[in-house]
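For reference, the structure is listed below as C-alpha cells.
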Amino acid sequence: TNPNQIISTMETQVSNGPTSNSGLPNGPPLSANGAADDSKTNLIVNYLPQNMTQEEFKSLFGSIGEIESCKLVRDKITGQSLGYGFVNYVDPNDADKAINTLNGLKLQMKTIKVSYARPSSASIRDANLYVSGLPKSMSQKEMEQLFSQYGRIITSRILVDQVTGVSRGVGFIRFDKRIEAEEAIKGLNGQKPLGASEPITVKFANNPSQKTGQALLSHLYQTTARRYTGPLHHQTQRFRLDNLLNMAYGVKRFSPITIDSMTSLAGVNLTGASSGGWCIFVYNLSPEADESVLWQLFGPFGAVTNVKVIRDFATNKCKGFGFVTMTNYEEAAMAIASLNGYRLGDRILQVSFKTSKQHKP
DNA sequence: TATGATT
C-alpha cells in the first residue's frame, strides 16, 4: 500500500458532508466531490511515543482489524516521527473498536489518543496556538471561553507541573480553521484576560519536530531516565544507561557479558533474541484475554513490535498464554522483571523470555 | 492449564 494514499486522499476531500453513492452495485460510498468517504473508517492517533516506528504503529492498530492503509507522519527533512499518524480501516466497526480499546492506551510515557480524523484540507492546517502567561488560576474551560469567540475549538490543553499539578500558565488551543487561529492571535496576543495582572502571549505552536538536536537528546534523556520509577538496583541502572546510549546513537550496544551470564545461569537458550527483537512468553492469561491486554501490559516499558494471544482454534478462547516481541533488550528485561508475578484479575502472571525446548536433553 | 505459527 502506498503510504501517501491516506494523505493524498484526504487532501482532495474538502467536505465531510452527506455522502453519495458511487453508482456501482457494491462500490464504496463517495462524497460530493467523488473522493472515497473515510469519515467512519479513518482515525487520527495523537501522542504516540517519539520512537515508535511505522511497523509498530501498524502492528498495534492491525491487532484490531484489517487496515486499508496507515501512516505514521514524519518530518519531511529529518524523518523524525511527528508523534501522530492515521489509520484507515476497511471496516467502520473496527475503527469504532480501535477507539474503544486503544484510546487512552499508555505507551512508554505517553497516553495515546485515538479519534476519528477530520477530513483534511489546507484550511485546517497550522491552526494550533501556543499560549503563555496565563493566570495560574485559569482553568481549561475558562481558557476555552476566552478563545471560543474567535472560532470552533477542536482541542485545548493547559500544561501542569508534574509534581504539584499546578498550572504552568502555558496552554494550547487548536481551532478548526487557520483563519480562526489568526484572528485569535490578533485579538488576544498581548491582552490581559479579565482580572489578570499580566498580558498573555498567543502565537502559532511549533511543530513537535522543530526541536534542535540538542533539545531532542535532552528530551530523550528525560523520557528514558524517568521511564521507570520503581526500585532499581545497579544492574537495572546500567541497563537504562545502555538504553539511553542505544537510543541516542542509534546503535545496538548489548553487553555480551550480561547476556551470557544470564543465559548460562538460567541454563536455557534464549530464543527471544532475533532480528525481530526479543520474544517474551506470557503465561496464565484468562480465556478472555485479547491482544489489547498485552499492549496495555507491555507498552509502558518500551517499544513493542508484536503481540499474540494463542487461542484454541475451535473455541477462539485464549489457551492461557501469549507472546510479546520487544525491540530493546533492556526494556524487555525491565518488563519481565516488573510483570512476572504481576496479578491480573485473579491470576498471577508468569513472564519470561521465550525459551527453546526443541533440543532439551 | 506451561512456549505459537490459518502467513
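By convention in this document, chain letters (A, B, ...) are assigned in the order of the sequence lines, proteins followed by strands, and residues within each chain are numbered from 1. This one's a predicted model, so the numbers in the text were calculated from it and none came from an experiment.
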In whole angstrom, give the distance that lies between atom [atom1] of [X] and atom [atom2] of [N].
X      : N     : atom1 : atom2 : value
A/K308 : B/dT6 : NZ    : C1'   : 9 Å
A/D312 : B/dA5 : CG    : P     : 10 Å
A/N306 : B/dG4 : CG    : C1'   : 11 Å
A/F353 : B/dG4 : CZ    : P     : 18 Å
A/L349 : B/dT3 : CG    : P     : 16 Å
A/E288 : B/dT1 : CD    : P     : 19 Å
A/D346 : B/dT1 : CG    : C1'   : 14 Å
A/F281 : B/dA5 : CZ    : P     : 13 Å

Checking contacts here: which listed nucleotide ([options]) is nearest the side-chain heavy atoms of [X]?
X      : options             : answer
A/T355 : B/dG4, B/dT1, B/dT3 : B/dT3
A/I310 : B/dT6, B/dT3, B/dG4 : B/dG4
A/N284 : B/dT6, B/dA2, B/dT1 : B/dT1

Which pairs with one or both residues in residues 126-173 of chain A pass ring-ring contact (aromatic ring centres under 6.0 Å, His included), sequence neighbours excluded?
A/Y130-A/F172
Qualifying ring-ring contact (aromatic ring centres under 6.0 Å, His included) pairs, either residue in residues 42-70 of chain A, two or more places apart
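Listed by first then second residue: A/F57-A/F61.
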Classify A/F321 by what it touches in the nucleic acid, base, sugar-phosphate, or nothing, heavy-atom distance under 4.0 Å.
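Here A/F321 touches the backbone only, sparing every base.
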What class does the angle between the rings of A/Y283 and A/F281 fall in, given that below 30° is parallel, 30 to 60° is tilted and above 60° is perpendicular?
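The rings of A/Y283 and A/F281 lie parallel, inter-plane angle below 30°.
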May I ask whether A/F323 stacks on the base of B/dG4, given the cut-offs of 5.5 Å between ring centres and 30° between planes?
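Per 5.5 Å and 30° rule: yes, stacked.
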Say whether, by atom type as modelled, one donor and one acceptor occur between the side chain of A/S338 and the main chain of A/A335 under 3.5 angstrom.
no
If you count heavy atoms of other groups shown closer than 6.0 angstrom to OH of A/Y342, is the number above 12?
no
Can you find a donor-acceptor N/O pair under 3.5 angstrom joining the side chain of A/K354 to the base of B/dG4?
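Yes, a donor-acceptor pair under 3.5 Å.
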Please tell me which of A/V307 and A/Y283 maps to the more 5' nucleotide of DNA chain B, matching each residue to the nucleotide holding its nearest heavy atom.
A/Y283
